[in-house]
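Sharing a structure here in structure tokens format.
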Number of protein chains: 2
Amino acid sequence: MFQAFKNYISDHIQVSDDDFDFIESFAVFRKLRKKQYLLQQGDVCRYNCFIAKGLMRTYSVDDKGTEHIIRFAMENWWISDRESLATAQPTKFNIDAIEDSELILFEKNDFEQICEKIPAFSKMIADILNRGFIVNQNRIHEAISSTAEERYQNFVKRYPGFALRVPQAMIASYLGIKPETLSRLRNPKTKS
Amino acid sequence: MFQAFKNYISDHIQVSDDDFDFIESFAVFRKLRKKQYLLQQGDVCRYNCFIAKGLMRTYSVDDKGTEHIIRFAMENWWISDRESLATAQPTKFNIDAIEDSELILFEKNDFEQICEKIPAFSKMIADILNRGFIVNQNRIHEAISSTAEERYQNFVKRYPGFALRVPQAMIASYLGIKPETLSRLRNPKTKS
DNA sequence: CGTGACACTTGACATTTGTCAATTTTTTTC
DNA sequence: GAAAAAAATTGACAAATGTCAAGTGTCACG
């Protein structure tokens with residue numbers, strides 16, 4: 001499982017074998033079955049998680065029991081709740097597996113140690129954060145400026161992988177619309 | 001004008017006089033009148049900007065001429081287009097002054113030099129980015145899970161400063177609704 | 001002052017999206 | 001491969017938001 005992570009790192013930065021050993025010494029491996037939680041509302045998030053295999057989502061559940069998915073993540077993506085991780089406050093989100101998944105976890109302190117010891121790693125992580133900020137910003141822009149249909153089209157174009165692997169109802173949740181509405185966007189009535 | 005910046009920095013980290021001189025040597029001062037642009041759609045963003053005084057906004061203009069405001073920023077906030085800055089590609093956004101403003105600009109390379117020379121500064125900036133990511137994430141969560149009215153209420157509660165200084169039509173744009181709709185949320189018909 | 005620009009409100013109606021319930025289709029499990 | 005479960009579709013109607021046009025208010029500036 002660690003091999004997938006090694007490949008990922010090597011694709012991004014140059015790391016010595018010693019450094020890999022150093023990183024691996026902190027790695028915590030975890031397999032999750034479909035529907036199992038990585039994090040639950042009310043927990044404090046303690047890990048940065050690399051997805052070696054599978055598909056995850058981050059979502060909240062409101063008082064009416066409706067789920068609101070704020071993020072999907074698959075192989076070679078990182079997942080965590082940055083807010084809970086940074087503040088050590090209980091999270092308002094759940095993270096669970098949409099497919100059987102394999103994760104590599106790094107505890108907060110260990111992760112920071114790796115960043116200190118290996119500047120290239122630190123830079124890579126900073127870069128991911130910067131890119132994540134931009135992605136979120138663009139999503140906000142889309143949310144306030146596009147119709148539901150445009151948002152769906154863009155989602156499919158930008159993340160064809162998710163569009164194929166994720167149930168439609170979850171995509172609707174991600175887009176902020178009801179499953180029925182998404183279904184209607186996809187199957188428009190032929191006019192008159 | 002630099003004093004405001006010095007105060008801001010001192011509130012966040014410990015910096016020597018020499019370091020302040022070093023930072024100041026890169027600072028570019030700029031005053032903007034209300035409605036003047038800092039950045040225009042199609043430009044490449046080259047600066048990280050600190051707002052010493054005033055109020056700015058970032059927005060796009062669509063084919064129908066409608067503005068979509070993705071961000072407000074005031075005194076002691078930073079503003080730029082991270083995407084254009086990171087990629088050196090033309091920006092899709094405009095940044096302009098809502099009030100007469102005073103800015104301190106740092107060119108991309110200079111900014112990186114400051115970060116390298118002064119680790120505490122670098123850490124502060126990384127922290128701001130992390131916090132920005134969280135803010136954006138929460139805004140996305142709100143966009144997909146709350147009604148227009150709830151979003152407005154939260155905006156007023158979270159940013160009372162903006163709510164007072166920004167015209168209502170701009171707040172509507174930020175929330176992703178029409179000015180007429182916001183007006184109606186604020187002035188509900190007394191029933192029957 | 002008064003007048004013009006701008007911000008905000010209001011009304012009537014159109015469009016989009018949500019709600020709830022029923023049905024069909026697809027997938028999973030034994 | 002049949003039964004059960006989950007996912008997706010559809011219809012009828014309700015609620016939220018948008019559109020367009022006409023007002024009223026506010027305020028800076030000559």
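Letters A, B, ... are given to chains in the order of the sequence lines, protein chains preceding strands, and every chain is numbered from 1.
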(message) Would B/Lys117 pass as a cation-pi partner of B/Phe22, given that its NZ or CZ must be under 6.0 Å from the six-membered ring centre and within 45 degrees of the axis?
(response)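 Cation-pi check for B/Lys117 and B/Phe22: passes.
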
(request) Quantify the bending of the helix from C/dC1-D/dG30 to C/dC30-D/dG1 as the angle between its end axes, each fitted on five pairs, to 10°. (result)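 The end axes of the helix from C/dC1-D/dG30 to C/dC30-D/dG1 are about 50° apart, to the nearest 10°.
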
(request) Starting at atom CD1 of A/Ile171, determine the distance to atom P of D/dA7, rounded to an integer number of angstrom. (result)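 After rounding, the gap between these two atoms is 13 Å.
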
(request) Mind calculating the distance between CG (A/Leu164) and C1' (D/dA8) to the nearest angstrom? (result)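 So the two atoms are 16 Å apart, to the nearest Å.
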
(request) Measure the distance from CD on A/Glu99 to P on D/dA6 and round it to the nearest whole Å. (result)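 Computing the A/Glu99:CD to D/dA6:P distance gives 18 Å.
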
(message) Looking only at the aromatic ring of each residue, does the gap between the centers of B/Tyr159 and B/Phe72 stay below 6.0 angstrom?
(response)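 When the ring centroids of B/Phe72 and B/Tyr159 are compared, they turn out to be at least 6.0 Å apart.
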
(request) Output the residues of residues 53-75 of chain B in contact with DNA chain C, where contact means a heavy atom of the residue under 4.0 Å from an atom of the strand; sort by number or write none. (result)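 Of all residues in residues 53-75 of chain B, none places a heavy atom under 4.0 Å from DNA chain C.
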
(request) Measure centre to centre between the rings of A/His12 and A/Phe121, then say whether the value is under 6.0 Å. (result)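 Not under 6.0 Å, so no.
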
(request) Taking the six-membered ring for Trp and the full ring for Phe, Tyr or His, determine whether the centres of B/His141 and A/Phe93 are under 6.0 Å apart. (result)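 Yes, the ring centres sit under 6.0 Å apart.
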
(request) Consider only side-chain N and O atoms of A/Asn7 and A/Gln3, and report whether a donor and an acceptor are under 3.5 Å apart. (result)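 A/Asn7 vs A/Gln3: donor-acceptor pair found between side chains.
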
(message) Are the side chains of B/Glu67 and B/Arg57 in contact, using a 4.5 Å heavy-atom criterion?
(response)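 Answer yes - side chains close enough.
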
(request) Assess the pair B/Tyr47 and B/Phe106: is the distance between their ring centroids shorter than 6.0 Å? (result)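 No, the ring of B/Tyr47 stays outside the 6.0 Å limit from the ring of B/Phe106, centre to centre.
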
(request) Verify the cluster assignment for B/Val156 and B/Val135: are they in a single hydrophobic cluster under the rule of side-chain heavy atoms below 4.5 Å apart? (result)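 Same hydrophobic cluster.
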
(request) May I ask you to check whether B/Trp77 and B/Tyr8 show a side-chain donor-acceptor distance below 3.5 Å? (result)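 No.
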
(message) Counting C-beta onward and ignoring hydrogens, is there a side-chain heavy-atom pair between A/Leu38 and A/Leu103 closer than 4.5 Å?
(response)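 A side-chain contact exists here, since the closest heavy-atom pair is under 4.5 Å.
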
(request) Summarise protein proximity over nucleotides 7-24 of chain C in one line of letters, 5' to 3': B for base, S for sugar-phosphate only, - for none, counting protein heavy atoms closer than 4.0 Å. (result) -SBBBB----SSBB----

